[in-house]
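Protein chains get the first letters and strands the later ones, always in sequence-line order, with residue 1 at the start of each. Computed over heavy atoms, backbone and side chain alike; hydrogens, waters and symmetry mates excluded.
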Amino acid sequence: MGTRKRSHYCGELHAKDVGKEVTLMGWVHSRRDHGGLIFIDLRDREGVTQIAFNPEINAAIHSKAHDLRSEYVIAVKGKVSKRPEGTINPDLKTGEIEVLAEELTILNESKTSPFEISSRHGISEDVRLKYRYLDLRRSGLQENLILRHRIVQTTRNYFNRKKFIEIETPFLTKSTPEGARDYLVPSRVNPGRFYALPQSPQLFKQILMISGYDRYYQIVKCFRDEDLRADRQPEFTQIDLELSFIQEDDIYEIIEGLLVAIFKEVKNVSLMHPFPRLTYQEALARYGLDKPDTRFEMELKNLTSHFADSQFKVFSRAVAAGGIILGLNARGCAEYSRKELDNLTDLAKVYGAQGLAWIKVVSDGVQSPIAKFFTETEIQQLTKTLNAQPGDLLLMVTDAKHKVAYTALGQLRIHIGHKLGLIEQDRWCPLWITEFPLLEYNEEEKRYLAMHHPFTSPVEEDLVYLKENPEKVKARAYDLVLNGNEIGGGSIRIHRKDVQQAMFGALKIGEDEAKSKFGFLLDALEYGAPPHGGIALGLDRLVMLICGIESIRDTIAFPKTQKATCLMTDAPSQVSERQLKELSLKTVIPKLTK
RNA sequence: GGGGGCGUGGUGUGGUUGGUUAACACACUGGCCUGUCAAGCCAGAGAUCGCGAGUUCGAGUCUCGUCGCUCCCGCCA
């Protein structure tokens with residue numbers, strides 16, 4: 001094919017192109033060799049076009065086509081032709097036409113692929129990850145990555161329109177305490193010292209506000225060395241922004257506008273907005289979680305007061321110990337077998353619950369191993385509060401630690417919601433969670449930790465409690481939740497040095513430590529820091545949700561396994577002694593691996 | 001750190017209470033075939049059942065260990 005140029009993508013040819021002389025280049029997707037006629041589906045990123053090799057048109061080319069195999073890279077010149085009557089393929093975008101081959105060049109051969117690119121069944125993930133370049137040829141991943149691209153483009157256009165400035169921040173930066181474990185990078189020219197890869201550009205974007213850039217955004221990689229999940233990778237991408245002279249409402253408006261634009265552009269869905277807002281407390285009370293899936297009802301109810309004096313000691317003792325009793329009406333689930341109930345109990349235990357109390361509501365009363373402990377009044381209050389009808393299953397969790405009870409029953413709610421098919425796949429329920437506590441007590445470290453991060457502004461009126469009653473202080477923080485997933489979080493930041501120092505005080509971060517770890521921020525706060533705030537959205541999760549898939553790995557071209565390895569490149573790998581020496585590093589491996 | 005699932009030709013799956021030749025589909029190789037598009041028909045090659053021990057007359061199957069992938073808890077400001 002020499003110097004010939006590609007004239008079209010496969011997949012962009014239509015009936016209107018009939019008669020055109022075209023040159024296509026791509027991969028052999030499949031071949032159907034009739035001995036006489038040979039058909040090739042030629043694939044590139046835009047789709048597939050059928051190439052017909054007819055010995056009557058060109059015998060030499062036809063015979064050459066016999067050698068074609070799956071995934072060969074070829075160039076084909078030929079005429080776009082309308083397919084004969086009755087051979088149109090309505091399942092194919094280009095199904096009305098075919099290209100009658102006049103020239104064929106094999107640009108490269110291919111070994112037999114370890115899996116079929118067009119495979120209809122799933123391929124195990126380790127094989128896919130090892131041959132990621134082949135996996136990425138498959139239409140599913142291509143669609144995801146192209147959708148991701150469109151979301152990113154929409155985002156950039158949106159922020160540009162809103163007068164944001166995209167500014168890059170360093171990847172080689174300073175390790176900071178608090179938060180996730182850092183990925184460290186040794187410094188060759190500073191032996192014994194390390195950079196950290198950023199967990200987020202948090203401090204840099206605040207500094208940019210102090211520098212007067214006013215509206216910053218960045219679509220940026222962040223790094224956290226924590227254990228992986230289906231929705232967590234060690235490197236992930238945030239849509240990160242920060243604005244000066246704004247309040248919470250400004251953030252809500254900007255982000256709602258962004259999501260509305262994204263959903264319109266890539267899904268042609270008109271998102272309802274403004275998004276609902278729920279305080280942290282209300283989210284817990286009604287859904288048990290701070291990232292509620294509001295696509296279905298089935299809300300939690302607080303039953304604590306009903307059972308304060310109950311003969312059922314599990315309940316009354318818990319109440320006496322300051323605990324909480326929560327209930328949930330699993331509508332129509334009174335038929336659940338003992339096994340199903342045991343499964344629910346096991347699920348509750350995963351989240352730390354001691355057990356799960358259940359009561360079946362039947363036509364002539366209730367059924368439950370614990371029913372005998374309850375008075376008529378208690379049963380009445382229970383069924384009334386949970387609005388129970390015969391056929392319903394009432395689930396209750398109690399725990400001295402309120403968070404445990406909320407989480408366990410909240411997760412049961414999600415589980416049962418799925419099981420009962422209450423969750424519509426194509427429904428989009430974004431909402432804001434507001435009024436988070438500023439601090440959370442950490443048993444392990446015997447001190448308070450910032451729930452969001454140490455630069456989050458407390459609510460002004462609560463400042464007085466910071467010393468004496470830190471739990472009472474609310475943060476000017478907010479999370480964005482979509483269909484039960486946290487897809488973003490941010491806050492109005494502290495912009496006064498005295499408040500920042502008070503915050504460090506509450507976190508038991510000493511003056512010296514604060515100075516060595518965050519001195520540059522404290523200094524900067526003294527040079528005219530404007531009020532500012534921002535938010536970051538998890539791009540990978542957002543793409544995952546919009547794609548309707550289960551794992552962010554399928555939104556990332558080259559993801560890591562659960563052990564944070566790359567099966568294609570075999571990273572992380574050992575390095576030479578020389579490299580280690582240059583970096584003044586010695587490795588001490590507790591147990592010999594391999 | 002902990003709990004669960006999976007691992008069988010290239011790929012995806014079967015494989016009964018442990019029983020002798022490890023099955024099926026797709027892919028692959030060769031042949032036939034001029035309208036297929038999940039092409040068809042015929043023939044063929046391809047597996048020490050992740051790895052290592054153990055139990056047993058006998059292990060794909062049971063036990064223990066180990067490795068890999070995965071889901072979850074902890075962790076992820």
Problem set entry | Base versus backbone protein contacts along nucleotides 44-51 of chain B [heavy-atom cut-off under 4.0 Å; B, S, -] | --------

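- By the salt bridge (Lys or Arg N to Asp or Glu O under 4.0 Å) test, A:Asp17 is found to be paired with A:Lys20, residues two or more places apart in sequence or in another chain being considered.
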Problem set entry | Sugar-phosphate or base contact per nucleotide [nucleotides 7-12 of chain B; S, B, -; heavy atom under 4.0 Å] | ---SBS

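- Listed by chain and number, the residues in a side chain to side chain contact (heavy atoms under 4.5 Å, CB included) with A:Glu444 are A:Asn442 (sequence neighbours excluded).
- Among pairs with a residue in residues 49-59 of chain A, none fulfils salt bridge (charged side-chain N to carboxylate O under 4.0 Å, His left out), at least two apart in sequence or across chains.
- Under the 4.0 Å criterion applied to side-chain N and carboxylate O atoms, A:Glu445 and A:Arg447 are assigned as salt-bridge partners.
- As the counterpart of B:rC6, B:rG68 is assigned, both hydrogen-bonding distances of the Watson-Crick or G-U wobble pattern falling under 3.5 Å.
- Remark: A:Glu143 pairs with no residue by the salt bridge (Lys or Arg N to Asp or Glu O under 4.0 Å) rule, at least two apart or across chains.
- A:Arg31 meets the salt bridge (Lys or Arg N to Asp or Glu O under 4.0 Å) test with no other residue; sequence neighbours excluded.
- Across all strands shown, A:Thr565 has heavy atoms under 4.0 Å from sugar-phosphate atoms exclusively, and none from any base.
- Contacts classified as salt bridge (charged side-chain N to carboxylate O under 4.0 Å, His left out) and involving residues 399-415 of chain A (residues at least two apart or in different chains) are given here: A:Lys403-A:Glu440.
- In this structure, B:rU36 makes no Watson-Crick or G-U wobble pair, since no nucleotide meets both defining distances under 3.5 angstrom.
- The side chain to side chain contact (heavy atoms under 4.5 Å, CB included) search around A:Pro198 returns A:Phe171, A:Thr173, A:Phe223, not counting sequence neighbours.
- Judged as a salt bridge (Lys or Arg N to Asp or Glu O under 4.0 Å), and not counting sequence neighbours, the contacts of A:Asp135 are A:Arg128, A:Arg132, A:Arg138.
- Among the atoms of the strands shown, none is found under 4.0 Å from any heavy atom of A:Ile38.
- Shown here, B:rA27 forms no base pair; nothing in the strands shown gives a Watson-Crick or G-U wobble contact with both key distances under 3.5 Å.
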For this session: Quick one, give me the B/S/- string for nucleotides 29-39 of chain B, reading 5' to 3', where B means a protein heavy atom under 4.0 Å from the base and S means that only happens at the primed atoms, P, OP1 or OP2.
Result: SS--BBBBBBB

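- Under the Watson-Crick or G-U wobble criterion, with both distances below 3.5 Å, B:rG18 is left unpaired in every strand shown.
- Residue A:Arg128 is out of contact with every strand shown, counting any heavy-atom pair closer than 4.0 Å.
- Looking at A:Arg232, its side chain comes within 3.5 Å of the base of B:rC76 through a donor and an acceptor atom.
- Within the structure, salt bridge (charged side-chain N to carboxylate O under 4.0 Å, His left out) contacts touching residues 35-45 of chain A (residues at least two apart or in different chains) are A:Arg32-A:Asp41, A:Arg43-A:Glu71.
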